[in-house]
Peer 1: 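To start, I am sharing the structure in question, which I have written as structure tokens.
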Amino acid sequence: MRPFGAPSLRHQRIQAILAIAAIGASVALPVVLVSVGGGVAAHELSDLENSGYQIVVSAPGLHGIEYAHGLADRIDALGSVASAAPILSVAVDAFTSNGTRAPVLAEGIVPGTFLATLGPTERGLFPSPLPLGDASDAVHYDNGTYAGPATDDVLVSSPYATRYGIAIDSTIYLSPSTNVSEEVAFTVTGIFGVPFSFVQPEGADAVVVPLSDLQTLTGLAAGPGTTEPDAADTIEVVVGGASATSPAAIAHLVVEIQALAGPQYSVASLGQEESELASANAVLTGFYLALSSVGLVVGWLFLAVVLLRRVETDRRSIGIRRALGLPARSIVQGLARDGVALASAGAVAGLAGGYLLVAGLARWGSATVQEAARLAIFDPVVLGEIVLGLVGLSLLASLIASRAALRVDFAEALR
């Protein structure tokens with residue numbers, strides 16, 4: 001309407017705009033929550049499905065697996081196991097040759113088995129074979145005595161190398177604390193890329209060293225002062241041959257590994273983890289929708305109030321139409337059309353607003369928020385259900401308004 005149009009019509013236009021805005025805001029919230037949450041869950045599921053290993057051994061607490069080298073060897077001896085890779089992750093401090101300190105995530109691995117546990121994409125980020133000296137990590141480990149010579153080779157992540165100007169064949173110093181006296185010199189023998197994960201965000205400073213080297217550095221090897229002898233966080237098991245694609249064979253292998261590991265450790269297949277993650281994602285999606293329902297109810301109430309206000313404003317017009325013999329269904333249909341039109345316009349505005357908000361987070365949010373937003377999946381089925389549900393609620397709002405319209409007294413409205 002023009003600014004100088006009829007005041008009542010301008011008021012109706014303002015009401016319609018506010019109703020569309022309220023509905024749009026109520027729709028934008030579930031669009032963001034469901035799309036980003038679903039995208040993150042799908043990403044994690046994809047990581048599980050594309051990983052190189054099929055079974056993982058873990059333990060409660062921090063670095064809870066003891067005597068990891070020996071347990072990995074016993075698991076590796078099972079017939080259908082291709083390799084068993086113990087992995088230890090510890091936060092340490094890294095010093096460059098000029099004394100610059102940076103906290104890094106250090107991963108201790110057995111060089112000969114680690115690459116097999118990675119999926120095709122992650123495997124391509126590492127040099128092959130890994131230039132970390134003894135592939136079996138047996139020389140330094142020396143049957144649990146740790147009396148052999150340490151390799152003291154290290155791979156550094158590309159973000160760390162770029163940030164601090166680290167090149168291959170240069171030296172960095174790793175320490176379990178900020179105390180420089182505890183540092184150990186390591187030679188940089190390679191640089192690897194860092195894939196995004198929510199445990200280790202993209203751009204993380206990280207290093208990879210032989211398992212025995214990290215254990216001795218952090219007091220997790222053997223001997224006096226050791227908190228956990230020959231410690232690891234997990235042992236990732238790669239299943240070989242036809243067994244790798246057989247759920248029954250993997251389930252049987254899980255039982256065999258559990259017997260070797262003992263009841264103090266947890267042994268699970270990635271199939272189980274995928275199922276649990278999918279179930280958790282379904283629960284979270286339901287929670288997101290339940291949380292968003294508060295906003296949707298507010299938007300629906302605003303729509304109902306707007307339609308009731310239109311009935312109040314058009315009382316005379318409704319009375320005239322009823323007096324002329326216009327059937328009640330025409331009034332009901334008119335209000336239903338208005339409700340559906342406002343709800344549909346609000347839903348479209350909400351979808352667009354949610355998409356723009358996710359795009360904004362992907363561009364201007366913090367690093368982790370950006371990565372989460374970039375993983376968003378706008379599922380047309382789920383979003384369509386939200387829109388159809390809102391349109392259905394608009395019909396309920398129009399019925400409430402229709403009931404008020406049909407109760408208008410002819411004589412009083414025409415007076």
Side-chain angles (χ1 to χ4, degrees), residues 51-53 55-76 83-94 103-118 122 126 130 132-146 148 150-157 160 172-177 182-184 186 189-190 192 194 197 199-200 204-223 225-238 257 261-262 264-268:
S51 61
Y53 63 99
I55 298 173
V56 61
V57 181
S58 58
L62 194 62
H63 320 314
I65 296 180
E66 298 181 351
Y67 306 106
H69 282 88
L71 178 56
D73 288 342
R74 293 195 299 275
I75 294 173
D76 201 24
S83 64
I87 297 175
L88 173 66
S89 298
V90 185
V92 300
D93 286 290
V104 299
L105 177 65
E107 291 212 342
I109 64 166
V110 174
T113 61
F114 177 69
L115 285 180
T117 67
L118 302 178
E122 291 182 334
F126 287 83
L130 294 178
L132 289 175
D134 179 21
S136 65
D137 195 37
V139 175
H140 182 208
Y141 174 65
D142 195 16
N143 296 314
T145 65
Y146 293 87
T151 302
D152 289 338
D153 289 338
V154 62
L155 306 179
V156 301
S157 66
Y160 177 78
I172 65 171
Y173 303 85
L174 301 182
S175 172
S177 68
E182 297 181 282
E183 69 183 17
V184 175
F186 283 79
T189 56
F192 64 93
V194 181
S197 75
V199 176
Q200 179 178 300
D205 293 336
V207 298
V208 175
V209 297
L211 176 60
S212 58
D213 289 6
L214 183 59
Q215 288 173 331
T216 55
L217 176 71
T218 56
L220 297 169
T226 300
T227 56
E228 299 286 344
D230 189 10
D233 294 306
T234 60
I235 297 177
E236 297 174 353
V237 180
V238 180
I257 294 174
Q264 70 271 30
Y265 298 139
S266 172
V267 182

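Since the model is a prediction, treat every value here as computed from it, not as a measurement.
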Peer 1: Just so I know, are the side chains of Val209 and Leu132 near enough to count as touching, which here means a heavy-atom distance under 4.5 Å?
Peer 2: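 Val209 does not reach Leu132 side chain to side chain.
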
Peer 1: Side chains of Asn143 and Thr145: donor-acceptor distance under 3.5 Å anywhere?
Peer 2: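 The criterion, which ignores hydrogens and geometry beyond distance, is not satisfied for Thr145 and Asn143.
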
Peer 1: Angle between ring planes, Phe126 versus Phe114, binned at 30° and 60°: parallel, tilted or perpendicular?
Peer 2: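 It falls in the perpendicular class, over 60°.
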
Peer 1: So which of Ile235, Val56, Leu71, Ile75 actually passes side-chain contact (heavy atoms from CB on, under 4.5 Å) with Ile257?
Peer 2: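 Result for side-chain contact (heavy atoms from CB on, under 4.5 Å) with Ile257: Ile75.
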
Peer 1: Quick check: closest heavy atoms across Tyr146 and Ser212, and the distance to 0.1 Å?
Peer 2: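 So the two residues come closest at CE2-CB, 3.8 Å.
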
Peer 1: If we only count heavy atoms from C-beta on, is the Leu88 to Asp233 side-chain gap below 4.5 Å?
Peer 2: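 Yes, their side chains come closer than 4.5 Å.
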
Peer 1: Taking all heavy atoms of Ser89 and all of Leu105, pick out the closest pair and write down the distance.
Peer 2: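 For Ser89 and Leu105, the tightest heavy-atom pair comes out as CB-CD1, 4.2 Å.
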
Peer 1: State whether a side-chain donor-acceptor pair under 3.5 Å links Asp134 with His140.
Peer 2: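 Absent: no donor and acceptor within the cut-off.
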
Peer 1: Could you tell me which non-hydrogen atom of Gly144 sits nearest to which non-hydrogen atom of Ala222, and how far apart they are?
Peer 2: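 Here Gly144 and Ala222 meet closest at O-CB, 3.7 Å.
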
Peer 1: With rounding to the nearest 0.5 angstrom, report the CZ to OG1 distance, Phe186 to Thr151.
Peer 2: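 Answer for the CZ-OG1 pair, Phe186 versus Thr151, is 9.0 Å.
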
Peer 1: Which one of Val110, Asp230, Thr216, Asp213 satisfies the side-chain contact (heavy atoms from CB on, under 4.5 Å) criterion with Tyr141?
Peer 2: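 Only one of Val110, Asp230, Thr216, Asp213 forms a side-chain contact (heavy atoms from CB on, under 4.5 Å) with Tyr141, namely Asp230.
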
Peer 1: Would you mind telling me which of Thr218, Val207, Val90, Leu214 makes a side-chain contact (heavy atoms from CB on, under 4.5 Å) with Leu174?
Peer 2: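 It is Val207; the other options fail the test.
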
Peer 1: Which atom pair, heavy atoms only, marks the closest approach of Asp137 to Pro210?
Peer 2: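 Asp137 and Pro210 have their closest heavy atoms at OD1-CB, 3.7 Å.
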
Peer 1: Between Thr189 and Leu155, is there a side-chain heavy-atom distance shorter than 4.5 Å?
Peer 2: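 Sidechains of Thr189 and Leu155: in contact.
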
Peer 1: Looking only at heavy atoms, which two atoms of Val238 and Ala116 are closest? And how far apart?
Peer 2: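 So the two residues come closest at CG2-O, 3.6 Å.
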
Peer 1: Does some side-chain heavy atom of Pro86 sit less than 4.5 Å from a side-chain heavy atom of Ile65?
Peer 2: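 In short, these two side chains do not touch, never coming nearer than 4.5 Å.
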
Peer 1: Below 4.5 Å, heavy atoms only, C-beta onward: do Glu66 and Tyr265 meet side chain to side chain?
Peer 2: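 Yes, at least one pair of side-chain atoms sits under 4.5 Å.
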
Peer 1: I need the minimum non-hydrogen distance between Asp76 and Ala84, along with the two atoms involved.
Peer 2: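 Asp76 and Ala84 have their closest heavy atoms at OD1-N, 3.8 Å.
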
Peer 1: Donor-acceptor pair, distance only, cut-off 3.5 Å: does the side chain of Gln215 make one with the backbone of Ala231?
Peer 2: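 Answer holds: yes.
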
